[in-house]
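First the structure, in the form of C-alpha cells, and then the observations on it.
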Amino acid sequence: MYTLLIADDEALEREGLELMIGHMLPETFRFLHAENGRRAIQLAEEERPDFIFMDIKMPGIPGLEAMREILARQPGTPVVIITAHDYFAYAKEGVALGVREYLLKPARREEVLDVLKNLIAEAEEARRARDERLAMQEKLSQLLPLAENELSLMLMLECVQEVELSQLAGLLNLDWHKGYAMVLSFSRYSSKEWANFQLVKKELHEAVKQWAKSGLSCLVSPVVGHQLALFIPYPPRRPGYSQRVAALEWGERLRSRIEERFGLPLSVGIGSVREGWDGLGRSYREAVCVCADDQEQDVASVRHYDDIAESSGRPTLPPDEEKRLLDALLRHDKQETAQRFDRLFERLAKDEPRHFPRLRGDVIGLLLSLGRSAQAGDGGELLSFLSGFDEPDSLREAAQRRLAAWIDGLREAKEHGRSHVLQRALLYIGQRYKEDISMEQTAEHVNLSPYYFSKLFKLQTGENFSDYVTRLRIEEAKRLIAEGRLSLKEICYEAGYKDPNYFSRVFKKVAGMTPTDYRQQRE
C-alpha cells in the first residue's frame, strides 16, 4: 500500500479526489489530507508519503513554496500539481522544481488514473532496483572478507599473480601505490600460552581487525599458524622517518592492547615501505624476519626492519630464490640456510649432471654473491678454497660449512654494528648536551626510531637518555666549579641549564649536595 498526500484548501476537492482514486484503485492508497501549505510540509516530514498531489493556490504558504520546501528535504518525492489555474509561469516553475505532472481541475478520471499508474510503475521499478542493489551489497559484504583473506594470503605465500591481485584489489576498492607489512607473532614455545592462544584465536582476530582498521585502513590476514599480518597503505605526505615512528607506535599500541585484553605475549615486526604488490610481499618477509624470537631476550618486542638494517648493516633483500637464501643467512638461521642452499644446489646439480667444473663455478658464484651481500669480505680466499674440491658431495659440505661460519660471524657483527650506532649517538650527545637536545633528535641522527633507540641505549649504557645527559651536564658543572673561574650562575648556563634554581636542585639530586656546598668543599 502507498501513501498519498492530497494538499488543497478545499475540503470537498480533497474528499472528492480521495473518493475517485479509492474507487479506481481500491486498497492501494492510504490518504493524508492537508488544508494548507504549512500542514502539507508537516505531514510530508512526519509521514514520508510516496506521492503528493498539491494545489498551487492555498492560504498562507502557497503550493509552489511548499513543494520547494518538501523537495529540499525529501528530494525525489513524486509531486503532481492539480490546480484550476492554467498559467504557463506555474507550469514552468513546477518543472524547475521537479514536478512530475500538471493536472487541471476538474481532473478527469482517466487522467488521474494514468498518472497514478505511471507513478506506481516507476515506484515498483525503483523498489526492485533497490532490492537488487541491497541483495548485491549483502552478497558483496559476504565476499569482501573472503577477498581480503585471499589477497593477504597471496602476499604472504608469494603467490603474486598481477591479474588476480588487481581483480581482488578492485573488488576491495584498493588503490595503493606504496605500503608496508606488520606481522603479529605469538609465542609457540610455552604450552600454556599456546593453548590460551588457540582458545581465543577467533576473538583475537576480530579484535585486531577492529582496532587496526579503525586507524590504518589496512588489510588484515587470517591467522596462519602463530602469526597474522597487516598490510598497510603508505600515508601520503609523510616523511619516511616519521612514518617509521608512527608504524612503531601503532605496533606498540596493538601489542599493549592484545597483552592487556588476552594476556598473550607477542612480538611485532614491521617491514619497509615498498611499491607495488610484490613490494608488499617483500615487506611482509622483512617483517617476519625481524619478529623477535620468543626465546630470545632482544632489544624490543616491536621492531622495524629499517632499524635492524641500520644497526646491523644488513642490506635490502630482493625477492628471488637466491635472496631468500640470503634472507635466512642474515637472520642467522642455520637450519633454514642449509635447507635453502641444498635446494639450490640440487637445482644446479640437476642442470649440470655431467659437468662438475661448471657446477663448481655456479656454486662459487652463488657464494661470492652471498658473501658480498653479507659483507663477508673473503672473496679471494673463498674462490681458492672451493676450487680445490673435485666432486659434488664434498663441494656441498664445504659450502655448508662456509655458510655456517658466516652466520657465526654475522652474529658477532650484529653486536659490533649496534655498538657502532651507539658510538655515533654518544658522539652526537657529547657535542650537543649543553643545548636543548632530545632523545628524538638523537634517534633521528642515527636513523633509528625513538622507541628502538631508547631500548638500545638503555641496554648498552645501563642508563636512560635523560639520566645520561644529566650526568654529562653535572660532570661538566663539577669541572667548571673546580676551575674556580666562573660564578655558579655562569656555570649553570655553561652546563646547559637556563634556570639556576632548577640547576641547583638537579645538582643536589645527582651529587648529594648543592653547588655552593660542592664549591666550599673543593676550596
Side-chain angles (χ1 to χ4, degrees), residues 1-138 140-141:
M1 181 172 286
Y2 297 96
T3 300
L4 174 60
L5 169 59
I6 304 173
D8 197 305
D9 59 333
E10 295 290 340
L12 287 176
E13 291 286 349
R14 300 194 304 271
E15 292 168 1
L17 194 57
E18 177 181 340
L19 187 63
M20 178 197 301
I21 295 171
H23 180 71
M24 292 187 298
L25 298 169
E27 299 182 2
T28 304
F29 294 99
R30 178 173 72 95
F31 294 93
L32 303 173
H33 288 215
E35 65 278 11
N36 54 49
R38 181 181 61 81
R39 182 59 179 156
I41 294 171
Q42 289 177 339
L43 285 173
E45 186 170 1
E46 293 169 2
E47 301 289 341
R48 300 275 174 171
D50 298 293
F51 315 118
I52 299 174
F53 278 22
M54 180 78 72
D55 190 13
I56 289 179
K57 288 289 187 178
M58 289 187 293
I61 301 176
L64 289 173
E65 186 62 34
M67 281 188 286
R68 184 177 290 107
E69 183 74 20
I70 291 170
L71 292 174
R73 299 181 183 181
Q74 302 170 47
T77 303
V79 178
V80 177
I81 289 178
I82 182 163
T83 180
H85 303 279
D86 186 13
Y87 296 138
F88 176 73
Y90 289 155
K92 183 178 179 181
E93 187 172 356
V95 169
L97 290 172
V99 169
R100 306 298 291 276
E101 296 288 347
Y102 192 97
L103 297 176
L104 289 175
K105 296 178 181 178
R108 293 183 294 111
R109 293 166 55 91
E110 293 79 8
E111 290 180 320
V112 174
L113 182 60
D114 286 344
V115 167
L116 288 173
K117 283 183 176 179
N118 289 336
L119 293 177
I120 290 172
E122 291 177 6
E124 288 294 328
E125 180 61 30
R127 181 175 296 174
R128 279 194 298 271
R130 184 175 63 252
D131 290 345
E132 289 176 2
R133 186 173 64 253
L134 291 174
M136 184 63 68
Q137 288 177 350
E138 184 177 5
L140 189 60
S141 67

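In what follows, residues are counted from 1 in the order of the sequence shown. The structure presented is a predicted model; accordingly, all values stated were derived computationally and were not measured.
Under the rule for a salt bridge (charged side-chain N to carboxylate O under 4.0 Å, His left out), the partners of Glu69 that lie at least two apart in sequence or sit in another chain are Arg73.
With values rounded to the nearest 0.5 angstrom, Asp114 atom CG is found 9.0 Å from Arg108 atom CZ. Rounding to the nearest 0.5 Å places CD of Gln42 at 12.5 Å from CG of Leu32. Atom CD1 of Ile61 is separated from atom CZ of Arg68 by 11.5 Å, given to the nearest 0.5 angstrom. Expressed to the nearest 0.5 Å, how far NZ of Lys57 lies from CG of Leu64 amounts to 9.0 Å. Expressed to the nearest 0.5 Å, how far CG of Asp9 lies from CG of Asn36 amounts to 8.5 Å. For the atom pair CD1 (Ile81) and CD1 (Ile52), the distance works out to 11.5 Å, reported to the nearest 0.5 Å.
Using a 4.5 Å heavy-atom threshold, the side chains of Tyr2 and Leu116 count as separate. No side-chain heavy atom of Leu17 sits under 4.5 Å from any side-chain heavy atom of Asp8.
Here the closest non-hydrogen pair linking Pro78 and Leu119 is CB-CD2, 3.8 Å. Of all non-hydrogen atoms in Gly37 and Met58, the two that sit nearest each other are N-CE, 3.8 Å. Residues Met54 and Ala40 approach most closely at CE-CB, 4.1 Å, considering heavy atoms.
Listed by first and then second residue, the ring-ring contact (aromatic ring centres under 6.0 Å, His included) pairs involving residues 109-132 amount to none (not counting sequence neighbours). Residue pairs that meet the salt bridge (Lys or Arg N to Asp or Glu O under 4.0 Å) test with at least one member in residues 14-42, sequence neighbours left out, are Arg30-Glu47.
Atom CD of Glu45 sits in a sparse spot, with 12 or fewer heavy atoms from other residues, nucleotides or ligands closer than 6.0 Å.
Between Phe29 and Phe51, the ring planes lie perpendicular to each other; the angle is over 60°, past the 30° to 60° tilted range.
Exactly one of Leu43, Val79, Asp50, Thr77 qualifies for a side chain to side chain contact (heavy atoms under 4.5 Å, CB included) with Leu5. That residue is Leu43.
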Requested in this report: Would you check, one step at a time, whether the test side-chain contact (heavy atoms from CB on, under 4.5 Å) holds for Asp55 with Glu13?
Outcome: CA-CA 10 Å; Asp55 190 13; Glu13 291 286 349; over 6 Å; no
